[in-house]
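Presented below is the structure to which this report refers.
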Amino acid sequence: MTGETNLEVLLRSMKPELQAGTYVFATVDASTNTTGLAPRMAFEEQEGKTLILLQETAEKHGIAAEFPCRMITLNIHSALDAVGFLAKITNLLADLGMGANPVSAFYHDHLFVPHDRAEEALQALKTLGDS
């Protein structure tokens, strides 16, 4: 299953979709069992395990977290070696003064954007796809 590599096709066909829920970024000790936390993502770093999880889950489990954000999924199967796709998107959001944390998974790219600016980010991405 090879993903799309053509930048023009990726931008035109990405169909951004705002997912439900507010997410946060947290870090826990690498030995912490995260099974009951159901993180969207877990990544092992030298300093500890980074988690992206629902804010309500972090609060329920007493996990300190940062960056309340919303997740926007770019609904196109982008190739893992596609050139310029996320650069174009993150530059667009940077031009709006908005930080974003992109995460690439096997099939799709996902953007974690400030929760209070999620609709603005979604509209900007839709406009980019239409142009």
Side-chain angles (χ1 to χ4, degrees):
M1 283 192 163
T2 302
E4 182 61 56
T5 59
N6 182 291
L7 181 58
E8 194 173 300
V9 172
L10 286 164
L11 293 170
R12 187 177 62 245
S13 306
M14 66 179 160
K15 297 181 186 68
E17 178 183 3
L18 184 61
Q19 303 298 322
T22 298
Y23 289 87
V24 290
F25 283 66
T27 185
V28 296
D29 183 83
S31 64
T32 301
N33 181 351
T34 60
T35 303
L37 301 177
R40 277 312 274 227
M41 186 209 75
F43 192 90
E44 299 283 340
E45 295 186 280
Q46 183 176 3
E47 298 85 356
K49 186 183 297 185
T50 296
L51 304 176
I52 302 174
L53 67 163
L54 287 168
Q55 184 173 25
E56 62 193 46
T57 301
E59 290 171 355
K60 177 181 173 184
H61 292 275
I63 298 171
E66 298 182 11
F67 189 58
C69 55
R70 299 285 306 276
M71 182 173 80
I72 298 174
T73 298
L74 305 177
N75 286 309
I76 182 164
H77 182 185
S78 55
L80 292 167
D81 60 350
V83 176
F85 184 44
L86 287 176
K88 185 83 168 172
I89 289 167
T90 57
N91 282 332
L92 169 73
L93 297 176
D95 288 345
L96 296 172
M98 188 182 314
N101 288 282
V103 173
S104 296
F106 190 86
Y107 291 102
H108 306 291
D109 296 292
H110 310 273
L111 304 169
F112 291 88
V113 299
H115 75 285
D116 59 341
R117 298 189 69 192
E119 292 292 341
E120 179 185 357
L122 182 66
Q123 190 55 49
L125 292 168
K126 287 180 177 180
T127 300
L128 176 64
D130 292 341
S131 61

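Since this is a predicted model, take the numbers as computed values, not measurements. Residue indices begin at 1 and follow the sequence shown.
- For the atom pair CG of Leu54 and CZ of Arg40, the computed distance is 8.0 Å after rounding to the nearest 0.5 Å.
- Summarising the geometry, atom CE belonging to Met71 is positioned 12.0 Å from atom CE belonging to Met41; distances are rounded to the nearest 0.5 Å.
- With a 4.5 Å cut-off on side-chain heavy atoms, Leu53 and Thr34 do not count as touching.
- Scanning both residues, Val113 and Ala118, for their nearest heavy atoms gives CG2-CA, 3.8 Å.
- In this structure, Leu51 and Thr32 have side chains that are not in contact, with every pair of non-hydrogen atoms separated by 4.5 Å or more.
- Every residue two or more places apart in sequence or in another chain was checked for a side chain to side chain donor-acceptor pair (under 3.5 Å) with Arg70, and none qualifies.
- Pro68 has its side chain within reach of Thr22: a pair of non-hydrogen atoms, C-beta onward, lies under 4.5 Å apart.
- The number of heavy-atom neighbours closer than 6.0 Å to CD of Glu66, taken from other residues, nucleotides and ligands shown, is 12 or below.
- In this structure, the ring-ring contact (aromatic ring centres under 6.0 Å, His included) partners of Tyr23, at least two apart in sequence or on a different chain, are Phe112.
- Distance check, rounded to the nearest 0.5 Å: CZ of Phe25 to CG of Asn101 gives 4.0 Å.
- For the residue pair Glu45 and Thr50, a side-chain donor N or O sits within less than 3.5 Å of a side-chain acceptor on the partner.
- Pairing each heavy atom of Ala82 with each of Leu10, the nearest pair is CB-CD1, 3.8 Å.
- Rounded to the nearest 0.5 angstrom, His108 NE2 and Lys15 NZ are separated by 11.0 Å.
- Annotation for Ile72 and Pro16: closest pair CG2-CB, 3.8 Å, computed over non-hydrogen atoms.
- Met98 and Ala121 make their closest contact through SD-CB, 3.6 Å (heavy atoms, listed as atom of the first residue, atom of the second, distance).
- Once rounded to the nearest 0.5 Å, the distance linking NE2 of His110 with CD of Glu17 reads 10.5 Å.
- In this structure, Leu92 CG and Leu86 CG are separated by 12.0 Å, a value rounded to the nearest 0.5 Å.
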Give the C-alpha distance, both sets of side-chain angles, the deciding distance and a yes or no for side-chain contact (heavy atoms from CB on, under 4.5 Å) between Asp81 and Thr5.
-> CA-CA 7 Å; Asp81 60 350; Thr5 59; 4.0 Å; yes
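- Taking the side chain as every heavy atom from C-beta outward, Glu119 and Leu18 approach each other to under 4.5 Å.
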